[in-house]
Every structure is written in C-alpha cells, then in structure tokens.
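Below is one structure, written out as structure tokens, with a few remarks after it.
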Amino acid sequence: MFKFATSKDTNFFETHKFKNSVLITRENILASAKKTILSESQSIAKLADYLDESFIDAAEKIYNSTGRLVITGIGKSAIIAQKMVASFNSTGTPSLFLHASEAIHGDLGMIQNEDVIICISKSGNSPEIKVLVPLLKRFGNILVAITGNMTSFLAKGSDIVLNTTVDSESCPNNLAPTNSTTAQLVMGDALVVCLMEMRGFQPQDFAIYHPGGALGKKLLLKVKDMLENSLKPQVNPDAPIKKVIFEISEKRLGVTAVVDNDKVIGIITDGDIRRMLNERDSFTELTAKDIMTINPKMTSSNEMVVEALNIMEDFSITQLVVVDNGEYKGVLHLHDILKEGIV
C-alpha cells in the first residue's frame with residue numbers, strides 16, 4: 001500500500017530536495033525576473049490582436065442583462081474568476097463566483113434564468129469543464145468562454161468565445177500558469193473597464209461601493225464631517241495678543257480666525273506669533289488686526305476633504321478656514337486629515 005510521506009520521514013525529504021543550480025547569481029536572479037515580465041507583457045500585447053466582434057457581443061450581453069454575471073473556473077482560473085467578480089461588483093456589475101467543481105455538486109442552484117455566465121479555462125478541456133458546460137447550456141443562459149484553446153470543448157460549447165491564447169508560459173518548464181492567467185486577468189479587466197464606460201460610471205458611483213478605508217474616505221468624506229464644533233478658534237480684530245495666544249493654545253489648532261461682525265477678515269497662526277516675537281521687543285500694544293494675515297484661504301463645509309487637501313498642498317499651508325455663505329464654521333487642519341488616513 002502506498003504510504004504518504006510525513007515530517008518524520010526525513011529520508012524521503014532528503015532524497016527529494018531541489019538541487020541548487022551552480023548558475024544562481026544575483027545577476028541571474030534579476031535577469032530571470034525581467035525575462036518573466038517581458039514574456040508576460042508580450043503575451044498581453046497580443047491580446048489586442050485577438051479582439052473582435054465577440055468581445056463586443058460579450059460586453060453588450062452583460063450590459064443588457066437583467067440578471068447577474070456568474071464567473072466560473074477551476075484551479076488557477078478559479079482564482080482569476082474571483083478577482084474578476086470583485087472588480088465587476090465594485091464597478092456596478094452585480095457578479096458572483098461559482099467554483100466549477102462545486103457547481104456539479106449543488107451550487108448550480110445559484111444560477112438564475114437571466115444570468116450571463118463566463119467560464120474561464122486555459123485548455124477548455126479539463127474534466128470539470130466538460131461536465132459543467134452541458135449543464136450550463138441546459139439552463140439556456142448565455143455562456144461566454146475565456147480560453148486559450150479555440151478548438152476546445154469549452155470554446156465549441158459556448159455562445160461567445162474570448163481568445164486568451166499565449167505562445168508559452170514564463171515557467172521554465174512551460175507548465176506553471178503564468179502568462180495564461182495574466183492574459184485571463186487582463187481580458188477580464190478589459191471587460192470591466194468597457195462596462196464602466198458603457199454605464200457612464202463616475203467617481204461618486206465608485207464611492208457607493210467603496211465606503212470603507214482610505215479610498216471610501218477620499219470619495220465620501222466632506223469637510224463638515226471633520227469639524228469639531230467645540231474647537232472653533234476666533235478673536236475680534238481688537239483682541240490683545242495675549243488673548244490671541246490663549247485662543248490658539250486652548251483650541252489646539254495652531255491658528256485662530258479673526259472675526260468682525262460675523263465675517264472672517266483674517267487669520268493668525270502660531271507661526272505669526274513666533275515671527276512677531278522675533279521681530280519685536282514688546283507686543284503689549286499690538287492687537288489681532290496688527291499681525292493677522294488678510295484674505296486667508298477658505299473652503300466650505302460641503303467641500304470634499306480631498307479637495308480641501310489639494311488646496312493645502314497647492315498653497316503649502318496646514319489649515320483652511322471653513323465658511324458657509326459668509327458664516328464662520330471652524331478650521332480644518334492637515335493633522336486631522338492625516339489621522340483619517342486619507343493620505
């Protein structure tokens with residue numbers, strides 16, 4: 001009876017160690033990486049020559065479908081299928097993943113009448129694919145093949161075929177899926193981007209599907225979401241410098257607005273205070289209006305935080321006064337934006 005090797009079978013592992021090549025050098029390692037990248041890039045470039053009316057048909061069928069997009073595959077192709085599903089879902093095309101081997105053991109029940117199905121397989125002739133294709137066709141769904149074998153069982157049994165043929169794999173033994181899976185991934189991305197353009201998918205639409213993390217905050221967070229009402233530093237134009245320093249220190253934003261008749265007429269930063277101390281021996285007679293910076297950079301509370309950040313970067317400043325219809329709302333500080341992880 002065949003015995004499976006275990007960690008205790010040291011003789012087995014000793015006799016099955018990979019032999020280190022005497023040709024391994026740092027230069028060869030780098031050359032190998034470059035060779036792989038160039039090989040895969042050449043395979044991808046050839047995909048453009050394979051595009052024809054079939055790609056248009058596939059995009060239109062998915063776009064006009066009232067159902068979902070079901071993407072299936074086996075082995076490495078299944079992993080590519082899962083990435084495609086994630087990309088389609090995040091860009092407005094409802095999608096789900098169906099593992100080819102699980103499909104024939106009950107998961108076919110997830111397919112609905114109006115769904116479009118994409119089946120991914122390099123050879124198009126694996127046993128699971130040969131079992132699955134007739135079952136998928138039995139439901140009457142549109143079946144789109146992404147395959148590197150245009151005469152395969154999958155290609156012949158599909159309504160639409162997208163060609164992802166590669167001349168070879170980057171693997172030195174021409175075995176491990178490398179170029180072929182990259183070609184599958186790129187063909188999927190081409191469909192994703194095409195459907196985004198067909199749908200007129202905009203950044204605000206993207207935000208709906210990406211509310212979390214730094215990306216979601218960039219797309220959704222507004223200035224008003226960052227303002228803390230309790231930290232609204234302000235002094236009047238005739239306020240003594242001592243009062244200005246106290247206001248800046250108490251509100252901990254490194255700045256205070258100078259407000260006259262409910263209108264912001266200037267700002268004073270902690271940098272202004274330092275420069276004043278360096279330039280003057282006495283400041284007892286000075287008031288806020290004497291050292292303020294007039295016409296400060298402003299934003300509104302409904303502005304996106306990422307746009308406010310762009311203003312800060314353009315003018316090399318760390319604070320923005322927030323004003324709505326002339327009414328002072330507070331101060332947005334760069335440190336608060338950094339804390340949110342937007343940059």
- Query: Taking the six-membered ring for Trp, are H335 and H333 parallel (under 30°), tilted (30 to 60°) or perpendicular (over 60°)?
  - Reply: tilted

- Item | Within-4.5 Å side-chain heavy-atom neighbours: Y50 and T164 | no

- Message: One thing to verify: whether D159 and K137 come together as a salt bridge, which I'm taking to mean a side-chain N less than 4.0 angstrom from a carboxylate O.
- Response: yes

- Query: Got T318 and M312 here, is their nearest side-chain heavy-atom distance under 4.5 Å?
  - Reply: no

- Does a side-chain N-to-carboxylate-O contact under 4.0 Å join D272 and R275? yes

- More than 12 heavy atoms of other groups within 6.0 Å of K242 NZ: no

- Item | Check: V323 and S300 side chains under 4.5 Å, non-hydrogen atoms | no

- Query: Is it true that D189 and K83 have a side-chain N and a carboxylate O under 4.0 angstrom from each other?
  - Reply: yes

- Are I118 and L69 side-chain neighbours, meaning at least one heavy-atom pair lies under 4.5 Å? yes

- Is any side-chain heavy atom of Q319 closer than 4.5 Å to a side-chain heavy atom of L332? no

- Message: Would you say that V331 contacts L320 through its side chain, given a criterion of any heavy-atom pair below 4.5 Å between the two side chains?
- Response: no

- Message: Does N302 have more than 12 heavy atoms from other residues, nucleotides or ligands lying within 6.0 Å of its CG?
- Response: yes

- Query: With the threshold set at 4.0 Å, does a side-chain nitrogen-carboxylate oxygen contact exist between K122 and E169?
  - Reply: yes

- Closest heavy-atom pair, Q184 versus S121, reported as atoms and distance to 0.1 Å, is NE2-C, 4.0 Å

- Salt bridge between R252 and E250, side-chain N to carboxylate O under 4.0 Å? no

- If you draw a 6.0 Å radius around NZ in K61, do more than 12 non-hydrogen atoms from other residues or ligands fall strictly inside? no

- Message: Please check if the number of heavy atoms outside N261 that lie under 6.0 Å from its CG is greater than 12.
- Response: no

- N64 atom CG, neighbour heavy-atom count above 12 within 6.0 Å: yes

- Query: Between I74, L154, L108, which is the residue that forms a side-chain contact (heavy atoms from CB on, under 4.5 Å) with L132?
  - Reply: L108

- Query: More than 12 non-hydrogen atoms from neighbouring residues, nucleotides or ligands closer than 6.0 Å to CZ on F246, yes or no?
  - Reply: no

- Heavy-atom side-chain contact between L191 and F88 under 4.5 Å: yes

- Message: Quick one, F153 and S123 - any side-chain contact, counting heavy atoms below 4.5 Å?
- Response: no

